[in-house]
Trainee: 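Quick one: this structure, given as structure tokens, is what I'll be asking you about.
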Amino acid sequence: MSIPFYDILVIGGGHAGAEAAWAASHMLGDRGRVAMVTMDPLAIGRMSCNPAVGGLAKGQMVREIDALGGLMAHAIDATGIQFRMLNRSKGPAVQSPRAQADKYKYAAKVQELLRTHCPNLTIVAGIVDRFLTSHEPRTTAHERPHITGVVLESGQQLNCRAVVLTTGTFLRALMHTGERKTEGGRVGEQSARGLSDCLRELGFELGRLKTGTPPRIAKESIDFASLKEQPGDNPPTPFSDLTLQTEIQNSEFRIQNFPPLPQVPMHITYTNARVHDLIRANLHRAPMYSGQIQSRGPRYCPSIEDKIVRFADKDRHQIFLEPEGLDTNEIYCNGISTSLPEDVQEQIIHSIVGLEHARVLRWGYAVEYDFSPTHQIDASLETRLVEGLFFAGQLNGTSGYEEAAGQGLIAGINAARKIQGMERIILTRDQAYIGVMIDDLITKTPTEPYRMFTSRAEFRLTLRSDNTDQRLTPLGRQLGLASQARMDRLTHKLAAIHELTTRLKSSRIRLENNGTSAYEYLRRPDVTIDEVQRLISENSEFRIQHSESIWSQVEIEAKYAGYIQREREAAQRLHDLEDKTIPLHFNFSAVPELRKEAKAALEKFRPQTLGQASRLEGLTPSDLTILMIYLTGKRKAAVHE
């Protein structure tokens, strides 16, 4: 019996795996075969934790995935039950889209997109037990083994040219609820045990991280009358540029009546003194505090018991009650993630306003899992130890669907380009939040689950939600991911922006003492678009007709022109450093002037550019100057092993 062969194998069917499979399948087309190996094909795209996509900085990442041609935005636009633009009252750099999802319809949509748009993709049900690598004699000391296939727990072998590993929280996963421990990466699902041992045998270092989830309660048992209602936006803003596409009509992703699902409100309640007292009295039974869990949890999305300890001065914490779907009574209690025992969880729930008689459908729990410290991957997400093996998602120490999806997309792209003999794609820090995330990972190994924030990006005003298509769609089209319809839309948008800007600059409006161009008037902080439109209408023969989004983008470019220019100049300085590459096997230890701490960091992370080296912890400006001198050949040493 012949062994099945695939060009690329994607291991895992979560958000990273879905994007990796989508990208690899589209880039290879009918020239290649892709397979996704997953424990349960019906769990592909499943939302393990909160039923939502987007949020601060995360929403920008989803928009970036869409601009490149990924699938996440299409899935949430088709299955969202509430859409909100966060931070509307603040500056454009921190405005982010977010949507509640019908989690069951979302997973079904992801599966449908993979099934109907990836004809060269095969779904294989199974658990990978070990990797197969080449055993040919090495010609150099630095030559890596190459991935050649995998063996499933069933004994079946699959051969391949590249692998994208996206294990999520399933590597040696252990769930905790109070003193009770259960193997599994998600309720009702198995743990993947063999792969951890296999990775260690290949030389990989593994660590442990922890995440958690809150209880789910029955909708009909909640007293909504006592709670604050939080409605969505009306009209809502979609994530994908193709959802409301009007300029070009030939897009199969256009939604005629957006949003297609009924929209529902969220509700808000709070913890209180009684809840806090209950938690403090039972900390000895909380796995995070009893010593049962040794690994680090997410600092920015902590469990409720962690909040009570760390923020002892707070007398209450906000809780969002989020429906998990239109056809289910499950309500997700966002804000009280916990691994406390079930009896304590029940007391906590019943002590919260509106939840006094709530019925718990599923208890909260924490899950510990193995991850791979990220000094073992490069900026393409390929591992440094095994050629053709790529890591993406929570395996790299991140948390969140959006972070996982962004990595999965880049790993899938680079796996496809690698087997085609093409150069890897690396997004820079001024190009995308995805680029910021990956650069953060490869220059600073996470000690806790990594979460994206706008504050992590030094080019926030450049990396806005409204200009993701301008930043990334040309690249997506070049890669073969973004459609021609998407490029046509971008062309129309850029033409509209240019026309509006030109006409505003040439239109004079009369003020009290003098006249000025409409564009210069719009640059004033206190001037609104409505005011400019009114004055143009009063003082000229024409009224400029463009969509609200075009006006908004021209306004941003006008009002923030000085800041944007400073970011561009800073980005150019960054690119100057990124252009200075470091040879693959540069011997940092042979540079005598470097401090020991600097040598240790450089040897551990093996930066590929001087820019990456500049962001390593442990390096000083003096270290960078010394390194640059050796790289430019102004001083010689035995630096090439």
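Sequential numbering from 1 along the given sequence is applied to the chain's residues. Computation of the quantities below employed the complete heavy-atom set of this structure, encompassing side-chain atoms and omitting hydrogens, waters and symmetry-equivalent molecules.
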Trainee: Just do the side chain to side chain donor-acceptor pair (under 3.5 Å) check on Gln60 and Ser96 with the steps written out, would you?
Mentor: CA-CA 6 Å; Gln60 280 93 325; Ser96 303; 2.7 Å; yes
Trainee: Taking salt bridge (charged side-chain N to carboxylate O under 4.0 Å, His left out) as the criterion, tell me which of Arg31, Arg161, Arg417, Lys418 meets it with Asp7.
Mentor: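 For Asp7, the salt bridge (charged side-chain N to carboxylate O under 4.0 Å, His left out) check succeeds only for Arg161.
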Trainee: Taking the side chain from Ser240 and the backbone from Ala73, do they hold a donor-acceptor pair closer than 3.5 Å?
Mentor: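 Such a contact is absent between Ser240 side chain and Ala73 backbone.
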Trainee: Using the rule side chain to side chain contact (heavy atoms under 4.5 Å, CB included), only one of Leu114, Thr122, Leu9 pairs with Met36; which is it?
Mentor: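 That would be Leu114; it is the only one of Leu114, Thr122, Leu9 passing the side chain to side chain contact (heavy atoms under 4.5 Å, CB included) with Met36.
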Trainee: What are the two closest non-hydrogen atoms of Val128 and Val37, and how far apart are they?
Mentor: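 So the two residues come closest at CG2-CG1, 3.9 Å.
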Trainee: For Gln608, which residues count as a side-chain hydrogen bond (donor to acceptor under 3.5 Å, both in side chains) partner, sequence neighbours excluded?
Mentor: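 Gln608 satisfies side-chain hydrogen bond (donor to acceptor under 3.5 Å, both in side chains) with no other residue.
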Trainee: So, Asn87 side chain and Val94 main chain: donor-acceptor pair closer than 3.5 Å or not?
Mentor: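 Confirmed, Asn87 side chain pairs with Val94 backbone.
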Trainee: For Ser399 and Pro449, work out which heavy atoms get closest and say how close.
Mentor: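 What the structure gives for the nearest pair is CB-CB, 3.8 Å.
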Trainee: Quick test of your reading: applying ring-ring contact (aromatic ring centres under 6.0 Å, His included), list the pairs with at least one residue in residues 424-444, sequence neighbours left out, ordered by first then second residue.
Mentor: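 Those involving residues 424-444 do not exist here.
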Trainee: Phe131: which residues meet the ring-ring contact (aromatic ring centres under 6.0 Å, His included) condition with it, sequence neighbours left out?
Mentor: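 Not a single residue meets the ring-ring contact (aromatic ring centres under 6.0 Å, His included) criterion with Phe131.
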Trainee: So, using side-chain contact (heavy atoms from CB on, under 4.5 Å) as the criterion, who are the partners of Pro259 when residues are at least two apart?
Mentor: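 Pro259: side-chain contact (heavy atoms from CB on, under 4.5 Å) contacts with Phe83, Pro236, Gln263.
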Trainee: Applying side-chain contact (heavy atoms from CB on, under 4.5 Å), can you list everything that pairs with Glu153, at least two apart in sequence or on another chain?
Mentor: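 Once residues adjacent in sequence are excluded, the partners of Glu153 under the side-chain contact (heavy atoms from CB on, under 4.5 Å) criterion are Ile127, Asp129.
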Trainee: Using the test salt bridge (charged side-chain N to carboxylate O under 4.0 Å, His left out), find all partners of Glu112 that sit at least two apart in sequence or belong to another chain.
Mentor: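 Residues passing salt bridge (charged side-chain N to carboxylate O under 4.0 Å, His left out) with Glu112: Lys109.
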Trainee: Is there a side-chain contact between Leu490 and Arg486 in this structure, where contact means two heavy atoms from C-beta onward sitting under 4.5 Å apart?
Mentor: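 No; the side chains remain at least 4.5 Å from each other.
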Trainee: Can you tell whether the side chains of Arg471 and Glu64 come within less than 4.0 Å, N to carboxylate O?
Mentor: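 Looking at Arg471 and Glu64, the cut-off is met.
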Trainee: Are there more than 12 heavy atoms of other residues, nucleotides or ligands under 6.0 Å from atom CG of Asp30?
Mentor: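 No.
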Trainee: Name all pairs fulfilling the side-chain hydrogen bond (donor to acceptor under 3.5 Å, both in side chains) condition that reach into residues 36-51, sequence neighbours left out, sorted by first residue then second.
Mentor: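 As it turns out, the side-chain hydrogen bond (donor to acceptor under 3.5 Å, both in side chains) pairs with a partner in residues 36-51, which skip direct neighbours, are Arg46-Glu189, Ser48-Arg186.
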Trainee: Would Thr462 and Asp430 count as having a side-chain donor-acceptor pair, cut-off 3.5 Å?
Mentor: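 Not at all, the side chains of Thr462 and Asp430 share no donor-acceptor pair under 3.5 Å.
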Trainee: Just checking Gln565: does its CD atom have more than 12 heavy atoms from other residues, nucleotides or ligands closer to it than 6.0 angstrom?
Mentor: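 Buried by this count: over 12 neighbours within 6.0 Å.
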Trainee: Could you tell me whether Asp378 and Arg424 have a side-chain N and a carboxylate O separated by less than 4.0 Å?
Mentor: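 Answer for the salt bridge query: yes.
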Trainee: Between Arg384 and Arg606, is there a donor-acceptor pair closer than 3.5 Å when you use the side chain of the first and the backbone of the second?
Mentor: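 Checking the backbone N and O of Arg606 against the side chain of Arg384, a donor-acceptor pair under 3.5 Å is found.
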Trainee: Please report the C-alpha distance between Gln394 and Asn396 in whole Å, then the side-chain angles of each, then the deciding distance to 0.1 Å, and finally whether the side chain to side chain donor-acceptor pair (under 3.5 Å) criterion is met.
Mentor: CA-CA 5 Å; Gln394 286 175 288; Asn396 286 334; over 6 Å; no
Trainee: Does the side chain of Tyr6 come under 3.5 Å of the side chain of Asn159 through a donor N or O and an acceptor N or O?
Mentor: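 Judged by distance alone, the side chains do not pair up.
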Trainee: Are any side-chain N or O atoms of Thr243 and backbone N or O atoms of Arg254, one a donor and one an acceptor, separated by less than 3.5 Å?
Mentor: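 Side chain of Thr243 to backbone of Arg254: no pair is present.
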Trainee: Applying ring-ring contact (aromatic ring centres under 6.0 Å, His included), name anything that partners Phe170, two or more places apart in sequence or on another chain.
Mentor: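 Testing Phe170 for ring-ring contact (aromatic ring centres under 6.0 Å, His included), a comparison that skips the adjacent residues, returns none.
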Trainee: Going by ring-ring contact (aromatic ring centres under 6.0 Å, His included), name the residues that satisfy it together with Tyr104, two or more places apart in sequence or in a different chain.
Mentor: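 Tyr104 satisfies ring-ring contact (aromatic ring centres under 6.0 Å, His included) with no other residue.
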Trainee: So Phe588 and Ile582, side chain to side chain contact (heavy atoms under 4.5 Å, CB included) or not? Walk me through it.
Mentor: CA-CA 10 Å; Phe588 299 105; Ile582 300 175; 3.8 Å; yes
Trainee: Before giving the answer on side chain to side chain donor-acceptor pair (under 3.5 Å), spell out for Thr79 and Asp102 the whole-Å C-alpha distance, their side-chain angles and the decisive distance to 0.1 Å.
Mentor: CA-CA 6 Å; Thr79 61; Asp102 184 311; over 6 Å; no
Trainee: List in chain and number order the residues that pass side-chain contact (heavy atoms from CB on, under 4.5 Å) with Ala416, two or more places apart in sequence or in another chain; answer none if no residue qualifies.
Mentor: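 Applying side-chain contact (heavy atoms from CB on, under 4.5 Å) to Ala416 gives Ile8, Met27, Leu28, Gln420.
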Trainee: On a heavy-atom basis, which atom in Pro302 and which in Ser337 lie closest, and how many Å separate them?
Mentor: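 Looks like O-CB, 4.4 Å.
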Trainee: Test side chain to side chain contact (heavy atoms under 4.5 Å, CB included) on Met437 and Tyr450; report intermediate values, then the result.
Mentor: CA-CA 9 Å; Met437 170 182 63; Tyr450 176 99; 3.7 Å; yes
Trainee: Do Asp370 side-chain atoms and Ser196 backbone N/O form a donor-acceptor pair below 3.5 Å?
Mentor: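 Not a single qualifying donor-acceptor pair exists.
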Trainee: Between Glu567 (side chain only) and Leu461 (backbone N and O only), is there a donor and an acceptor less than 3.5 Å apart?
Mentor: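 Looks like yes, one N/O pair under 3.5 Å.
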Trainee: For the pair Ile255 and Leu244, evaluate side chain to side chain contact (heavy atoms under 4.5 Å, CB included) and give the outcome as yes or no after the intermediate values.
Mentor: CA-CA 6 Å; Ile255 297 177; Leu244 292 180; over 6 Å; no
Trainee: Please examine the side chains of Asp66 and His74, heavy atoms only from C-beta on, and report whether any two atoms are closer than 4.5 Å.
Mentor: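 Yes, side chains in contact.
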Trainee: Could you give me the CA-CA distance, side-chain angles and deciding distance for Phe390 and Ile410, then say whether side chain to side chain contact (heavy atoms under 4.5 Å, CB included) is met?
Mentor: CA-CA 10 Å; Phe390 295 77; Ile410 297 303; over 6 Å; no
Trainee: Using atom types as modelled and distance alone, determine if a side-chain donor or acceptor of Arg84 lies under 3.5 Å from a backbone N or O of Pro97.
Mentor: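 Absent.
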Trainee: What residues, two or more places apart in sequence or in another chain, satisfy side-chain contact (heavy atoms from CB on, under 4.5 Å) together with Asp466?
Mentor: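 Residues passing side-chain contact (heavy atoms from CB on, under 4.5 Å) with Asp466: Arg464, Gln553, Ile556.
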Trainee: Identify which one of Gln407, Glu403, Arg451 satisfies the side-chain hydrogen bond (donor to acceptor under 3.5 Å, both in side chains) criterion when paired with Thr398.
Mentor: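 Checked Gln407, Glu403, Arg451 against Thr398; only one passes side-chain hydrogen bond (donor to acceptor under 3.5 Å, both in side chains): Gln407.
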Trainee: Around atom OH of Tyr563, are there more than 12 heavy atoms from other residues, nucleotides or ligands closer than 6.0 Å?
Mentor: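 No, the 6.0 Å shell around OH holds no more than 12 heavy atoms from other groups.
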Trainee: Mind checking whether Ser372 and Ile377 have side chains closer than 4.5 Å, heavy atoms only?
Mentor: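 Ser372 does not reach Ile377 side chain to side chain.
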Trainee: Any salt bridge linking Arg172 with Asp197? Criterion: basic side-chain nitrogen under 4.0 Å from a carboxylate oxygen.
Mentor: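 Salt bridge: no.
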Trainee: Under a plain distance cut-off of 3.5 Å, with no hydrogens placed, do Thr609 and Glu578 share a side-chain donor-acceptor pair?
Mentor: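 There is such a pair (donor and acceptor under 3.5 Å, judged by atom type) between the side chains of Glu578 and Thr609.
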Trainee: Which side-chain hydrogen bond (donor to acceptor under 3.5 Å, both in side chains) pairs, counting each pair once, include a residue from residues 12-28, with sequence neighbours left out?
Mentor: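 side-chain hydrogen bond (donor to acceptor under 3.5 Å, both in side chains) check on residues 12-28 returns Ser25-Asn120.
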Trainee: Do Arg456 and Phe453 meet the cation-pi criteria used here (NZ or CZ under 6.0 Å from the six-membered ring centre, within 45° of the axis)?
Mentor: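 No, a cation-pi geometry is absent between Arg456 and Phe453.
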Trainee: For Leu395, is there any backbone N or O sitting under 3.5 Å from a side-chain donor or acceptor partner on Thr167?
Mentor: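 Not at all, since once roles are kept as given, no pair shorter than 3.5 Å links the two residues.
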Trainee: Between Gln157 and Val151, is there a donor-acceptor pair closer than 3.5 Å when you use the side chain of the first and the backbone of the second?
Mentor: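 Side chain of Gln157 to backbone of Val151, a donor-acceptor pair under 3.5 Å: no, none is there.
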Trainee: Under 3.5 Å, side chain of Thr166 to main-chain N/O of Ile11, donor-acceptor pair present?
Mentor: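 Here the side-chain-to-backbone pair exists.
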Trainee: Answer yes or no: is there an ion pair linking Arg63 with Asp469, defined by an N-O contact shorter than 4.0 Å?
Mentor: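 No, this pair does not count.
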